[in-house]
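Just so it is clear: chains get the letters A, B, ... in the order the sequence lines come, proteins before strands, and each one is counted from 1.
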Amino acid sequence: MVQYVARRLLLAVPLLFGLSILAFAYVRVIPGDPVTAMLGVNSDPELVARLRDQLGLDEPWYQQYLSWLGNVVTGDFGISYRSRMPVSQILIDRIPATLELALGGLVVGLLIAIPAGLYAGFRRGSRADNVITGATLVGLATPGFWLGTLLMLLLALQLGWLPSQGYVPFGVDPAQNLRLLVLPSLTLGLAIAPYLARLTRTAVVETGGEPSVSYARAQGLPEGTVARTVVLRISMPSLIVAIALTVGFLLAGSIIVEELFNWPGMGRLVAAGVSERDYPMIQALMLVYGAIFIVVNVVAEVLQGLLDPRVRLT
Amino acid sequence: MSAVAAVAATVDGPRTKRRWKPIVGGGLLGILALFMLVGPLISGYDPNATDLTARFSGPSAEHWLGTDDLGRDLFTRMAVGGRMTILIALGAVALASAIAVPLGLLTGYLGGWVDLAVMRVVDLFFAIPTLLVAIGIVGIFGPSFTTTMLALGLAFWPFYARLVRSAVVGVRDLAYTDAARVIGAGRWRIIRKEIVPALLPLLIVQTTVLLGFAVLDEAGLGFLGLGVQPPDASWGSLLAQSRGFVLSHPWIGVIAGVPILLVVLGINIMADVLRDRLDPQGAST
């Protein structure tokens with residue numbers, strides 16, 4: 001087991017390393033000079049030269065990469081060209097909001113998708129399965145932000161049950177924070193639920209043919225018991241890994257949902273960073289989003305190994 | 001395996017029960033294609049012609065779906081915008097396939113260090129959300145019609161390449177490819193004559209699925225203001241535009257999403273149909 005965990009962790013290292021090279025190289029291929037982006041086109045040449053020197057832009061690329069990587073590892077992502085504040089500071093301010101939203105969305109998504117997927121999988125071919133599979137098909141075709149707009153119009157403006165948009169830190173006003181969280185996380189949850197439901201159904205259908213399931217049935221156990229004690233238990237490990245893979249959808253969805261509901265998370269920095277050529281910010285965002293995905297997936301694989309001893313051998 | 005498939009077939013009932021699928025899927029796509037191709041002709045409006053006396057008019061006899069903030073006819077703009085979105089999606093999928101299929105074939109068939117190297121790059125792309133990759137590419141070239149196509153194509157290829165690769169690995173060592181090898185067929189001949197035909201169903205289904213994703217992601221980029229730029233219309237840019245007055249004039253935001261939903265639904269249903277028809281093994285789940 002220790003060996004398995006160590007191997008999973010080691011596999012993540014080259015991935016993180018590659019991610020850092022990608023993030024660094026990305027900024028090199030963007031046309032346009034960062035100093036010009038910071039100071040404007042008609043700036044004093046002397047000032048430009050001094051800033052270039054200060055930012056280390058005249059050094060060879062590998063030196064720039066190494067010093068940049070050294071800084072990143074110690075948590076220094078440089079200064080945002082746009083706001084002139086340390087990127088790490090801005091990110092630390094915004095990560096909690098994004099994580100709160102992602103967690104909210106994941107909870108909503110799982111609450112809808114797991115029961116639906118399980119039920120559809122167990123009762124394959126039934127009317128309920130057809131309804132759930134049909135809803136999944138429609139859900140997969142629905143643009144998330146459009147759904148969010150409809151929810152906002154209906155629940156906030158028409159019925160007035162919820163505030164339409166905004167954010168209050170949990171520490172300041174927990175009740176208001178949660179009220180504001182409902183619409184965005186409902187949107188995000190509904191957006192990822194079809195993926196999760198389909199994965200769950202497939203996992204259940206695949207384990208339905210295992211000998212242990214037939215054996216449990218042959219013993220005369222009621223279907224519900226077979227479902228809970230045998231099928232769910234067998235499909236859980238692969239389900240966890242499948243759910244971890246949808247974290248990519250979750251993060252991409254959060255970028256759009258944050259924009260829609262004025263949710264002050266990292267996602268709002270993405271579009272702004274790209275249009276204003278805020279290189280250090282873009283690099284940091286690529287690294288943080290990528291690292292979240294990699295870490296979640298390593299954790300999921302470790303969990304899978306804990307739950308299913310067979311996995312540890314491969 | 002075949003026993004399981006047989007059981008699965010009985011559980012799902014006879015294939016005839018799914019006859020509605022091609023009708024619904026094809027019908028949806030047909031109606032929308034008609035709307036996009038003929039719509040602007042029968043409405044008689046220029047999609048970019050403004051009419052400030054008719055701003056935000058609701059649906060009426062003159063403007064079937066109403067007008068936007070500049071008095072432009074929404075029915076026409078949605079039809080013309082649909083053409084743009086579909087063109088972008090087709091281009092993006094073509095680009096993704098042009099990269100992914102050869103790479104998947106090569107890495108899957110050759111294996112070794114080429115496989116290892118390319119798949120590590122693919123892993124890397126998996127770690128970054130597709131939309132973020134696309135946004136990053138928009139950051140390099142600036143938002144436009146061509147960039148959107150390019151960005152989505154470059155964001156999609158890794159998924160596709162991995163899929164093709166694992167499918168190739170699946171057929172590489174089957175008896176009939178071995179047989180071809182035994183009679184002295186070369187690498188390229190085996191790939192062309194044995195492997196590609198075996199993969200064709202998967203390729204067809206997968207390009208269809210990707211097309212749906214491309215339409216959704218075009219809308220996503222457009223929504224963030226990073227897609228097709230005004231005054232040109234695409235479904236994404238219409239949604240982005242509607243954000244500015246979603247509270248005062250919600251109608252535009254509401255109808256702008258409908259064609260996206262219908263097209264992607266039609267595409268996904270057709271993907272299911274193709275999967276059922278072309279790939280009996282995958283059809284059971």
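Rounding to the nearest 0.5 angstrom, the gap separating the CG atom in A/L285 from the CG atom in B/L132 is 7.0 Å. Atom CG of residue B/D123 and atom CG of residue A/N297 lie 10.5 Å apart, to the nearest 0.5 angstrom.
Environment of OH in A/Y119: sparse, with no more than 12 heavy atoms of neighbouring residues, nucleotides or ligands closer than 6.0 Å.
Annotation: side chain of B/I128 is not in contact with side chain of A/L251 (no heavy-atom distance under 4.5 Å). B/L131 places none of its side-chain heavy atoms less than 4.5 Å from the side chain of A/V270. Side-chain contact between B/L265 and A/T142: absent, with no pair of heavy atoms (C-beta onward) separated by less than 4.5 Å. Within the 4.5 Å cutoff, no side-chain heavy atoms of A/L140 are placed close to those of B/V264.
Looking at A/W146, its side chain never comes within 3.5 Å of a backbone N or O of B/A256 through a donor-acceptor pair.
Looking at B/V215, there are no atoms closer than 4.5 Å to chain A (heavy atoms on both sides), in backbone or side chain. When heavy atoms are compared at a cutoff of 4.5 Å, A/L260 approaches chain B by way of both its backbone and its side chain. Residue A/L150 touches chain B through its side chain alone, counting heavy-atom pairs closer than 4.5 Å. In this structure, chain B has a heavy atom under 4.5 Å from the side chain of A/L153, while its backbone stays farther away. Heavy-atom distances place both the backbone and the side chain of B/L124 under 4.5 Å from chain A. When heavy atoms are compared at a cutoff of 4.5 Å, B/L239 approaches chain A solely by way of its side chain, counted from C-beta outward.
Ranked by heavy-atom pairs under 4.5 Å with chain B, the list A/V247, A/V138, A/T149 is led by A/V138. No other option in B/G142, B/P143, B/G212, B/G257 has as many heavy-atom pairs under 4.5 Å with chain A as B/G257.
Taking all atoms of both residues into account, the shortest heavy-atom contact from A/Y289 to B/P129 is CB-CD, 4.2 Å.
Residues of residues 10-17 of chain A lying under 4.5 angstrom from chain B, judged on non-hydrogen atoms, are A/L15 in numerical order. Proximity to chain A among residues 217-225 of chain B is limited to B/A219, B/G220, B/F223, B/L224, judged by heavy-atom separations below 4.5 angstrom.
Remark: A/F122 pairs with no residue by the ring-ring contact (aromatic ring centres under 6.0 Å, His included) rule, at least two apart or across chains. Applying the ring-ring contact (aromatic ring centres under 6.0 Å, His included) test to A/Y195 and every residue at least two apart in sequence or in another chain returns A/F249.
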